[in-house]
Amino acid sequence: MNPQVTETELILEGHASQISKNLVEVELEDYFEVLQELGSGAYGSVLMAQNRTTDQKVALKLLSKGRTSQRRFLMEYCIAFCLSSHPNIIASYGVAFQTKEHYVFAQELAPRGDLFSLIQDQVGIPEEKVKRCAVQISSALDFMRSKGLVHRDIKPENVLLYDKECHSIKVTDFGLTRLKGTVVSARSGTVPYMSPEVYKPHADCLEVDFSLDVWAFGILLFCVLTGTFPWEIPRFEDINYSIFVDWATTGAGGVPCRWKRFTVEALNMFHKFLAHKPLQRSNAVEVLRFIDFPWTVDLGLAGGLEDTNNVAEGSSTELTSSDSMSSGSDGQAVVTSSGSSSSFNSESIDAEESNKSISLGTIISDFSDSTCSSLEPEVFFTDFEMKPDQWVEHSTDLTLHTDYSSLFLGAEVEVS
């Protein structure tokens, strides 16, 4: 085993063991004044609270004892706390305790919401902001890599903002984070950001590797640059994915339509992050090699290159039919692809039919830290819950703004 992984494992186990001995049970209201509920779900809830002694405002994550084991709570807390020294990772304070019904730990508040809140559907975010995010996210992932840790749920909702221009951002949510080499249940994470090996047919388990985060990082960059997803699922049955892999590996057919908005340098970058085979993916910090080059081109000019950048006739890869990143007015996620709409609800755990909305993405969490043979799934479903004043009108739909609490939001499917 990698010496760094072994060292991190020993540190986490030692820290968790120590905390478990001092995890006192208290009345939350004796120590914190609850100011606002930021979100809730199957796990419990997230509260904005003020420390009665110091007056400091924090985000308290409450995990239901009925849905979360003490060991899982301690590992999430210890991972978050041990990573807090990095400037692009959310700070977790040395505050962990339990109430009668919940395990609780405290983290800093992010004053400007999350990266998803900046994305304009079908348009994305200005390139200069995306590049600032890319540098900071890659730095956070490289730090985690140095500790032997794989995040496993990189997405715009898990990137918190400290200013709207993205000069300061922080990666958050370590509920799915595991040490490299850990065997977990397959199809764990948020569906649109899952890699091909996670979608491998009939795969019951998967060995955690850094390439999972690299893939999700590549998808995140595509989404924030375009306001769309590149494909529905990373399998060859999906025509958009099939065409991309064929072009990326053989050059056949020219640049697919969904990718024509990118420069040669950006396409080269995506090749490195979205390689079908995990061993062919580069590290996330490889993005620094491309920062000084333009990433996007004028779509009008790109459209004039049809003779050299044509794609298979009749394929559903046109930019106008790419997957919507919005949610329906009834609160259910809606994905629009190839001119049709499909509504997905939280009662399906089939990864191919899971929620495609970024703001309300279905999360499949695993509890396995050892072998797949021990997995006996017990599934819980929960509808998404948010305070009404956190929904705002946007065009003809309702868009969720996840201010402060992106790490805690979304309909969840837990597999224990």
Strictly distance-based, threshold 3.5 Å: is any side-chain N or O of [X] a donor or acceptor partner for the main-chain N or O of [Y]?
{"X": "Gln136", "Y": "Ile169", "result": "yes"}
{"X": "Gln98", "Y": "Leu23", "result": "yes"}
{"X": "Asp246", "Y": "Ala248", "result": "no"}
{"X": "Ser242", "Y": "Ile239", "result": "no"}
{"X": "Glu207", "Y": "Val183", "result": "no"}
{"X": "Asp153", "Y": "Gly189", "result": "no"}
{"X": "Ser17", "Y": "Gly14", "result": "no"}

- Can you spot which of Trp295, Phe244, Phe270 makes a ring pair (Phe, Tyr, Trp, His ring centres under 6.0 Å) with Phe262? Phe270
- Task: Scan Phe236, Phe229, Tyr199 and name whichever one has a ring pair (Phe, Tyr, Trp, His ring centres under 6.0 Å) with Tyr241.
- Result: Phe236
Nearest heavy-atom pair of [X] and [Y]: which atoms, and what distance?
{"X": "Arg72", "Y": "Gly175", "answer": "NH2-O, 3.6 Å"}
{"X": "Leu161", "Y": "Ser117", "answer": "CD1-OG, 4.2 Å"}
{"X": "Pro294", "Y": "Thr263", "answer": "O-OG1, 2.6 Å"}
{"X": "Val5", "Y": "Gly148", "answer": "CG2-CA, 3.9 Å"}
{"X": "Ile90", "Y": "Ser84", "answer": "O-OG, 3.7 Å"}
{"X": "Ala134", "Y": "Leu221", "answer": "CB-CD2, 3.9 Å"}

- Message: side-chain hydrogen bond (donor to acceptor under 3.5 Å, both in side chains) for Glu127 and Thr296? Distances and angles first, verdict last.
- Response: CA-CA 8 Å; Glu127 183 177 321; Thr296 56; 2.6 Å; yes
- Message: Is it true that Ser168 and Asp163 share a donor-acceptor pair across their side chains at a distance under 3.5 Å?
- Response: no
- Task: Please determine, by modelled atom types, if His86 and Ser139 share a side-chain donor-acceptor pair under 3.5 angstrom.
- Result: yes
With a 4.5 Å cut-off on side-chain heavy atoms, are [Y] and [X] touching?
{"X": "Met144", "Y": "Thr177", "result": "yes"}
{"X": "Val171", "Y": "Ile154", "result": "yes"}
{"X": "Lys272", "Y": "Arg281", "result": "no"}
{"X": "Cys223", "Y": "Phe116", "result": "no"}
{"X": "Val184", "Y": "Arg152", "result": "yes"}
{"X": "His102", "Y": "Leu63", "result": "no"}
{"X": "Asn240", "Y": "Arg258", "result": "yes"}
{"X": "Ile219", "Y": "Pro230", "result": "yes"}

- Message: One thing to verify: whether Lys61 and Glu76 come together as a salt bridge, which I'm taking to mean a side-chain N less than 4.0 angstrom from a carboxylate O.
- Response: yes
Output the distance between atom [atom1] ([X]) and atom [atom2] ([Y]), rounded to the nearest 0.5 Å.
{"X": "Leu160", "Y": "Ile89", "atom1": "CG", "atom2": "CD1", "value": "12.0 Å"}
{"X": "Cys133", "Y": "His167", "atom1": "SG", "atom2": "NE2", "value": "10.5 Å"}
{"X": "Leu179", "Y": "Leu12", "atom1": "CG", "atom2": "CG", "value": "6.0 Å"}
{"X": "Met194", "Y": "Arg235", "atom1": "CE", "atom2": "CZ", "value": "12.5 Å"}
{"X": "Gln280", "Y": "Thr249", "atom1": "CD", "atom2": "OG1", "value": "9.0 Å"}
{"X": "Glu286", "Y": "Ser138", "atom1": "CD", "atom2": "OG", "value": "10.5 Å"}

- Evaluate the side chain to side chain contact (heavy atoms under 4.5 Å, CB included) criterion for residues Met269 and Val287: first the C-alpha distance (whole Å), next the side-chain angles of each, then the deciding distance (0.1 Å), finally the verdict. CA-CA 7 Å; Met269 177 182 70; Val287 74; 3.6 Å; yes
- Message: Assess the residue pair Thr172 and Asn158 against the criterion (side-chain hydrogen bond (donor to acceptor under 3.5 Å, both in side chains)); give the C-alpha distance rounded to whole Å, side-chain angles, the decisive distance to 0.1 Å, and a yes or no.
- Response: CA-CA 5 Å; Thr172 190; Asn158 287 340; over 6 Å; no
- Message: Measuring centre to centre across the rings, with the benzene-like ring taken for any Trp, is Trp247 within less than 6.0 Å of His271?
- Response: yes
- Task: Go through the structure and list residues passing salt bridge (charged side-chain N to carboxylate O under 4.0 Å, His left out) with Asp209, not counting sequence neighbours.
- Result: Lys180
- Glu101/Arg67 under salt bridge (charged side-chain N to carboxylate O under 4.0 Å, His left out): CA gap, chis, key distance, verdict: CA-CA 10 Å; Glu101 297 181 347; Arg67 299 293 178 87; over 6 Å; no
- Item | Stepwise side chain to side chain contact (heavy atoms under 4.5 Å, CB included) check, Cys166 with Leu118 | CA-CA 10 Å; Cys166 302; Leu118 299 184; 3.6 Å; yes
- Task: Could you tell me whether Lys164 atom NZ has more than 12 heavy atoms of other residues or ligands within 6.0 Å of it?
- Result: yes
- Query: If you count the non-hydrogen atoms of other residues, nucleotides and ligands that lie under 6.0 Å from NZ in Lys65, is the total more than 12?
  - Reply: yes
- Message: Applying side chain to side chain contact (heavy atoms under 4.5 Å, CB included), can you list everything that pairs with Pro126, at least two apart in sequence or on another chain?
- Response: Glu128, Lys129
- Query: Can you name the residues that form a side chain to side chain contact (heavy atoms under 4.5 Å, CB included) with Val264, not counting sequence neighbours?
  - Reply: none
- Task: Mind running side chain to side chain contact (heavy atoms under 4.5 Å, CB included) on Leu220 and Ile137 for me, showing each step along the way?
- Result: CA-CA 10 Å; Leu220 179 149; Ile137 296 170; 4.1 Å; yes
- Message: Could you tell me if Lys170 sits above the aromatic ring of Tyr162, with its cationic atom closer than 6.0 Å to the ring centre and no more than 45 degrees from the axis?
- Response: yes
- Task: Kindly assign one of parallel, tilted or perpendicular to the pair Tyr77 and Phe73, based on the angle between their ring planes and the thresholds 30° and 60°.
- Result: parallel
- Task: Look at the aromatic rings of Trp259 and Trp231 and report parallel, tilted or perpendicular, splitting at 30° and 60°.
- Result: tilted
- Task: Take Glu9 and Lys147 through the salt bridge (charged side-chain N to carboxylate O under 4.0 Å, His left out) test and state the conclusion after the steps.
- Result: CA-CA 9 Å; Glu9 184 175 24; Lys147 305 298 182 185; over 6 Å; no
- Check against salt bridge (charged side-chain N to carboxylate O under 4.0 Å, His left out), Lys277 and Glu197: CA-CA 8 Å; Lys277 297 180 180 180; Glu197 58 271 27; over 6 Å; no
- Could you walk me through whether His151 and Asp213 pass the side chain to side chain contact (heavy atoms under 4.5 Å, CB included) test, one step at a time? CA-CA 6 Å; His151 188 282; Asp213 284 349; 3.5 Å; yes
